[in-house]
Amino acid sequence: MLSFRSLSLLAPLIRVGNAALFTDPKNLPNTEYDFIVIGAGTAGNVVANRLSKDSTKTVLVVEAGLNDAGIQAIEIPFLAPETAGTSVDWNYTTIPQPGLNNRILDVPRGFALGGSSNLHYMLWTQGSEDLFNSYAEVTGDPGWSWDAIQPFWKRVSTLVPSTDNPSLSPPPPADNPTLSNGDGPIQVNLPNFPTDIDFRVINGSKELEKAGTGDGRFKFTDNMNGGDSIGFGFNQESAGGGQRSSSSTAYLRPIIDSRPNLDVLIQTRAMKLIETYNGTFTSVEVAQNVDGPLTVLKATSEIILSAGSIGSSQLLLLSGIGPRDELEAIGVPSKINLPGVANTYSLGRGKKGTFFYSSIQSPRLHVPELEGEKDPSTGAKSANTEFVFTNGFFGSQVPTEGHFLTLAVALVSPKSKGSLTLKSSGNGTFTEPSIDYGLLSDEWDLEALMQGLRDSETFLNATPWTQPSPEPYIIEPVGDWATARNGTDKDREDFIRNNMITVFHPIGTARMSSGSPSDPLGVTDARLRVRGVKGLRVIDASVFNTNSRPYLSVIPKHLSTPSLKEEHK
Ligand SMILES: Cc1cc2nc3c(=O)[nH]c(=O)nc-3n(C[C@H](O)[C@H](O)[C@H](O)COP(=O)(O)OP(=O)(O)OC[C@H]3O[C@@H](n4cnc5c(N)ncnc54)[C@H](O)[C@@H]3O)c2cc1C
């Protein structure tokens, strides 16, 4: 019979119950795993779940942030805008943006199990057919094409009934009752409380579509996730049972206590990847404080980098994987010369405000006027701009009286490029990197936003907004827009530069490519393995190609004062 003492000698191999959430590296039962996943965010948790399904493989997840369980601002969908800027946010900022008259913008990124899927506004959208086909083209791998991706997309989410009052939600169309969802663990529902403005948006869209205004760009759609992203329709939201459905609730928490081959370490940052022998990176240094101590953990199969588009590229750079000259200039020994690391294309979040989302799927517009050689969208089913409706006053300095409608015009296919660099080699991931979005550094973006503003005016001239009953729904524009709207083009440009903020979708800091010499900035291959390196993959939003630009946006405010009645129809 095993004695208590002999049991304790076996301690690294057994566990009491299956509790596997650790808050200190020194309590981990092992220092060696088959796979180490760095970053328990949107992408990381999915992969950790899939890998640990094989009980013969051991998996460790290392997350810098907190346990997300029980944090109400994360769990309650209505409180989504309240999570950025708190302890579950990395609270990065950009460097001054010359295109924005040197304003500095916030860059929110999730800092908890679930990553940025805890901060995000739950808009549940799939990229367009054009977008995925462009990934296939860029990587030379048909596995990224729209047709090839569909079976995987269906494994992610399930459409569930709306919670509060299902009768308020529009029914899914009879020919597509799942609205392109399948049977996966993320719960998705339709609006729980559509408001007056939602129906005005839909009616406005139908009116303009019927009149042929804007070459069909204002068309109504009942499903934006079916391959054609263009149109105005109701929002699908990643929530169910009244709660946010995140990569943590769907993929990680359900297995934390039940898979003996999975350990999750929180409140611990990966500081650097270590080259164990020529070009092979199978170890990672982690720390809980800037002064250490440092613990080295080893992956015998692979390290999976899923620290997000800021965190993954920061780690690659700190590990000597990136542009050689740039790294050597700040004293980081260069291991692998990959000039494309941190050649970012990114946009972040702006000011906090009091606002309530509309239930309208942020309508996407493909703008024929912008087509041509320079149009960076991936095709006619991909958007150039997007309208974001807010049932309230979006921004700081909320007026004490009045009812407000905010229509933000977002640019979804920007051309400007930014960059992410290390400020210094000291203090590892405890030093914030230098994030430069390069906003409005390409003239095309300004042109597209100016067109977006004109389109917003066309849209708000539809009958639902102008009809007197007893007075027009929109009474007048307010704020800076009230002046800029009636001014010159230069006034409109100033309005954009002074008010523009971003909507949180940095990508492309370690992008995938076919490896062709004509694309020297590719960092991973189509299977997301880092080029020139063994044992390392990047699997998060960093890999999206900058030429395809999924869902990136910039928001100038456009305010107007409706005689708002909160009526549910
Ligand atoms: C405020 C906001 C609203 C948004 N709204 C929407 C929306 O409505 N719909 C939509 O589709 N998208 C939205 N997005 C974008 C979406 O959230 C992101 O594109 C997506 O979550 C990115 O996933 P990821 O896996 O690349 O990174 P993340 O989910 O950010 O995961 C990265 C993880 O790695 C961890 N990490 C970082 N560095 C380290 C390190 N050194 N060591 C250990 N761990 C580390 C982080 O703490 C984090 O948990 C929004 C984003 C924000 C910020």
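Excluded from the calculations below are hydrogen atoms, water molecules and symmetry mates; all remaining heavy atoms, backbone and side chain alike, are included. Ligands are counted one by one from 1 in listed order, and the atoms in each one are counted from 1 as well. Predicted, not measured: the structure shown is a model, and the values here were computed from it.
Under a 4.0 Å criterion applied to the non-hydrogen atoms of Phe111, ligand 1 contributes the atoms 47 (O). Near Met122, the atoms of ligand 1 lying under 4.0 angstrom from a non-hydrogen atom of the residue are 7 (C), 8 (O). Heavy-atom contacts of Leu119 reach the following atoms of ligand 1: 1 (C), 2 (C), 3 (C) (cutoff under 4.0 Å). Numbered from 1 in the order shown, with element, the atoms of ligand 1 that lie under 4.0 Å from a heavy atom of Arg269 read 42 (N). Short contacts between ligand 1 and Ala541, defined as distances under 4.0 Å to a heavy atom of the residue, involve ligand atoms 26 (O). Residue Val62 has at least one heavy-atom neighbour below 4.0 Å for each of these atoms of ligand 1: 43 (C), 44 (N). Which parts of ligand 1 touch Ser117 is read off a 4.0 Å heavy-atom cut-off, strictly below it: atoms 21 (O). Residue-ligand proximity, Gly308 to ligand 1, at heavy-atom distances under 4.0 Å covers atoms 26 (O), 27 (O), 32 (C).
Within the 4.0 Å heavy-atom criterion, the part of Thr429 lying near ligand 1 is the side chain and not the backbone. Of all the heavy atoms of Ser306, the ones lying under 4.0 Å from any atom of ligand 1 belong exclusively to the backbone. Looking at Trp124 against ligand 1, nothing comes within 4.0 Å, counting heavy atoms. The proximity of Arg109 to ligand 1, defined as any non-hydrogen pair under 4.0 Å, is limited to the side chain. Contacts between His505 and ligand 1 below 4.0 angstrom, taking non-hydrogen atoms only, involve the side chain exclusively.
Ile310 pairs in a side chain to side chain contact (heavy atoms under 4.5 Å, CB included) with only one of the listed residues (Leu315, Thr429, Thr509, Leu420), which is Leu420. Checked against Ile321 for a side chain to side chain contact (heavy atoms under 4.5 Å, CB included), the options Val523, Leu327, Ile336 give a single hit: Ile336. The residue from Ser312, Ser116, Ser306 that alone fulfils the side-chain hydrogen bond (donor to acceptor under 3.5 Å, both in side chains) condition with Asp540 is Ser312.
Annotation: Ala64 places an N or O atom under 3.5 Å from an N or O atom of ligand 1; distance criterion only. Residue-to-ligand polar distances place Ser116 within reach of ligand 1: an N/O pair is separated by less than 3.5 Å. Annotation: Thr268 places no N or O atom under 3.5 Å from an N or O atom of ligand 1; distance criterion only. For Tyr121, a nitrogen or oxygen atom sits less than 3.5 Å from a nitrogen or oxygen atom of ligand 1, counting backbone and side chain alike. For the pair Gly110 and ligand 1, the shortest N or O to N or O distance falls below 3.5 Å. Taking distance alone, with nitrogen or oxygen atoms compared against 3.5 Å, Thr42 approaches ligand 1 more closely than that limit. Checked against a 3.5 angstrom limit, the closest N/O atoms of Asp540 and ligand 1 fall outside it. Between Gly44 and ligand 1, a contact under 3.5 Å exists for no N or O pair. Residue-to-ligand polar distances place Ala43 within reach of ligand 1: an N/O pair is separated by less than 3.5 Å.
Taking the six-membered ring where tryptophan is involved, the planes of Trp153 and Trp124 are essentially parallel, since the angle between them stays under 30° and well short of 60°.
Between atom CG of residue Leu316 and atom CG of residue Leu338 there is a gap of 8.0 Å, rounded to the nearest 0.5 Å. The distance from atom CD1 of Ile274 to atom CG of Leu297, rounded to the nearest 0.5 Å, is 9.0 Å. One finds the OG atom of Ser382 at 10.5 Å from the CZ atom of Phe132 (value rounded to the nearest 0.5 Å). In this structure, CZ in Phe430 is found 9.0 Å from CG in Asp291, a value given to the nearest 0.5 Å. Separating the CG atom in Leu265 from the CD atom in Gln288 is a distance of 6.5 Å, to the nearest 0.5 Å.
Not counting sequence neighbours, Lys272 has no partner by the salt bridge (Lys or Arg N to Asp or Glu O under 4.0 Å) test. Taking the salt bridge (Lys or Arg N to Asp or Glu O under 4.0 Å) definition, one finds that Asp24 meets it with Lys26, sequence neighbours left out.
Annotation for Arg50: atom CZ counts as buried by contact number, over 12 foreign heavy atoms lying within 6.0 Å.
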side-chain contact (heavy atoms from CB on, under 4.5 Å) evaluation trace for Asp228 with Thr221: CA-CA 9 Å; Asp228 181 354; Thr221 178; over 6 Å; no

Pair Asn223-Ser180, side chain to side chain donor-acceptor pair (under 3.5 Å): steps then yes or no: CA-CA 8 Å; Asn223 182 15; Ser180 303; 2.9 Å; yes

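Using a cut-off of 4.0 Å between Lys/Arg side-chain N and Asp/Glu carboxylate O, Glu275 and Lys335 are scored as salt-bridged.
Here atom 6 (C) of ligand 1 lies nearest to His120 when heavy atoms of Gln126, Glu237, His120, Gln314 are compared. When the options Ala270, Gly65, Gly115, Ser238 are ranked by their closest heavy atom to atom 42 (N) of ligand 1, first place goes to Ala270. Comparing heavy-atom distances from atom 32 (C) of ligand 1 across Ala307, Ser248, Pro108 singles out Ala307 as nearest.
With Tyr92 as the aromatic partner, Arg109 does not meet the cation-pi criteria of under 6.0 angstrom to the ring centre and within 45 degrees of the ring axis.
Look at Ala112 and you'll find a heavy atom under 4.0 Å from some atom of ligand 1. Under a 4.0 Å heavy-atom criterion, Ala84 is not in contact with ligand 1.
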